[in-house]
Amino acid sequence: MAPTTIMGIESSCDETACAIFQDNAIQSNVIADQSVHQKYGGVVPEVASRAHEKNIIPVVDTALKQARVDKKELDAIAFTRGPGLLGPLLVGVTFAKSLAFGLDLPLIEVNHMQAHVLAHFIEPPTPTFPFLCLTVSGGHTQLVRVDDYLTMEIIGETRDDAAGEAFDKAAKILGLSYPGGPLIDKYAQKGDPHRFSFPEPNVSDLDFSFSGLKTAILYFVEEQKKKDPQFVKENLADICAAIQYRIVSILLKKLIQAAEQTQLHNIAIAGGVSANKELRRKFKKEGEAREWNTFIPKFEYCTDNAAMIAQAGFYKYQAQQFVESDISPVARYPF
Ligand code: KG4
Ligand code: ZN
């Protein structure tokens, strides 16, 4: 029997991406980043949509070529339906529908946040079910109980800003370019995390809140700049280290609480913020102290990519979960 071959397409934010899954593995994973947003300090949806339109055909073409797969070998097309920016999603969804129609293939819709969790199955070591996953991205912060590839439940989430958003907004206050998360990660490495201190929110249950932290950073920076206009420049590493220290401490506190409540010992992190070096280091350390089996994705599968969409598509293909061609994207997509 011919091996199952799935194309995955991702366009929910500012990455246009395509990946090919065949022979139980990802054969190619192509991403076009949109550096055009840097000068605006954030993703401009209309600019992103136009860049997706320009990128999608070359990205899909390259993904097929790199995988040495002919489009006639494809068994299904999987695409991100949401959550994300509607304009950018529309480009990927429309392209996926057209390609599926042209090749007479079934269509598979994928929830982007579930795909971040399933990124753990792209390469070993893979978690065993059930496991707990802290998914931290630019738009979401979720604690997810995962019972099977397609059975997962959100048991805690943010009430306002996401963890990635907190990194990005803090970076903007400091005058750093977008996306700020990786820059704070970089500068923090040379900083003292305890010279400055930012408050910890008091949120019940397994929920998170980051908007108070953002306000505290803003007031602190404004206040210090009044006394010394060079304050940020001269203390950048220490400020970044303190911001990162607090975001990571908020995340790990709730993750530990969730692990205790659920009695789960297989614990994973996923999403763009799981690329953060301090989060990875402290997560591993907590895991060793608590005898967890910890799972951290490779860097390229933390931030947005289509490999995770193709991987999720494969599980949905096995379950024969297809959608009709009148499907449309959704900005919010709870599960
Ligand atoms: O998952 P992702 O690529 O896209 C969304 O689904 O949103 O996550 C993007 C987020 C951004 O907020 C970005 O600043 C953050 O992940 N991020 C990081 C790092 N790398 C990416 N945050 C902190 N440290 C990093 N190294
Ligand atoms: Zn994402």
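Position 1 is the first residue of the sequence; numbering continues from there. For ligands, and for the atoms within them, numbers begin at 1 and follow the listed sequence.
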Legend entry - With sequence neighbours excluded, residues passing ring pair (Phe, Tyr, Trp, His ring centres under 6.0 Å) with F167: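 Testing F167 for ring pair (Phe, Tyr, Trp, His ring centres under 6.0 Å), a comparison that skips the adjacent residues, returns none.
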Show the atoms of ligand 1 that are less than 4.0 angstrom away from any heavy atom in [X].
| X | value |
| --- | --- |
| H116 | 1 (O), 6 (O) |
| D185 | 24 (N), 25 (C), 26 (N) |
| D168 | 11 (C), 12 (O), 13 (C), 14 (O) |
| H112 | 6 (O) |

Legend entry - Nearest candidate to atom 5 (C) of ligand 1, where distance is taken over non-hydrogen atoms, out of D304, I247, V273: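 Looking at heavy atoms only, the winner is D304.
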Legend entry - Heavy-atom nearest neighbour of atom 20 (N) of ligand 1 within options G164, C302, G272: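 Among G164, C302, G272, the closest heavy atom to atom 20 (N) of ligand 1 belongs to G272.
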Legend entry - Candidate list K254, K253, R159, test salt bridge (Lys or Arg N to Asp or Glu O under 4.0 Å), partner D207, passing option: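 Result: among K254, K253, R159, R159 is the only option passing the salt bridge (Lys or Arg N to Asp or Glu O under 4.0 Å) with D207.
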Legend entry - Within residues 75-88 or reaching into it, pairs that qualify as side-chain hydrogen bond (donor to acceptor under 3.5 Å, both in side chains) - sequence neighbours excluded: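 Residue pairs with at least one partner in residues 75-88: E10-T80.
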Is it the case that ligand 1 has an N or O less than 3.5 angstrom from some N or O of [X]?
| X | value |
| --- | --- |
| T303 | no |
| V136 | no |
| G181 | yes |
| E15 | no |

Legend entry - Connected hydrophobic set around V43, excluding itself, where side chains approach under 4.5 Å: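 Answer for V43: L85, Y178.
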Legend entry - Under 3.5 Å side-chain donor-acceptor pair for D160 and S209: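 Note: D160 and S209 side chains meet the donor-acceptor criterion.
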Inset, instruction - Could you tell me whether a side-chain N or O of N111 sits under 3.5 Å from a main-chain N or O of Y333, the two making a donor and an acceptor? - result: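 Yes; at least one donor-acceptor contact below 3.5 Å.
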Inset, instruction - Find out whether the Lys NZ or Arg CZ of R280 is both under 6.0 angstrom from the six-membered ring centre of F299 and within 45° of the ring's axis. - result: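 Verdict for F299: a cation-pi partner in R280.
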Inset, instruction - Quick one: sort the F208 and F210 rings into parallel, tilted or perpendicular, breaks at 30° and 60°. - result: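 The rings of F208 and F210 lie parallel, inter-plane angle below 30°.
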Legend entry - Parallel, tilted or perpendicular: ring planes of W292 versus F283, cut at 30 and 60 degrees: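 Because their plane-to-plane angle lies in the 30° to 60° range, the rings of W292 and F283 count as tilted.
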Determine, using ring centers only, whether [Y] and [X] are less than 6.0 Å apart.
| X | Y | result |
| --- | --- | --- |
| H194 | Y245 | yes |
| Y315 | F21 | no |
| F198 | F220 | yes |

Legend entry - Protein-derived N, O or S atoms lying under 2.8 Å from the Zn ion (ligand 2), waters excluded: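 Considering protein N, O and S only, the Zn ion (ligand 2) has 3 within range.
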Inset, instruction - Distance to 0.1 Å, residue and atom name: give those for the protein heavy atom nearest to atom 9 (C) of ligand 1. - result: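 The closest one turns out to be G138 N, 3.7 Å.
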Inset, instruction - Name the closest protein heavy atom to atom 24 (N) of ligand 1, giving the residue it belongs to and the distance to 0.1 Å. - result: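 Answer, as residue, atom name and distance: N276 ND2, 3.0 Å.
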Would [X] count as a contact of ligand 1 if the rule is a heavy atom under 4.0 Å away?
| X | answer |
| --- | --- |
| G139 | yes |
| H140 | no |
| K186 | no |

Legend entry - OG1 on T215 to NZ on K169, rounded to 0.5 Å: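 So the NZ of K169 and the OG1 of T215 are separated by 9.0 Å.
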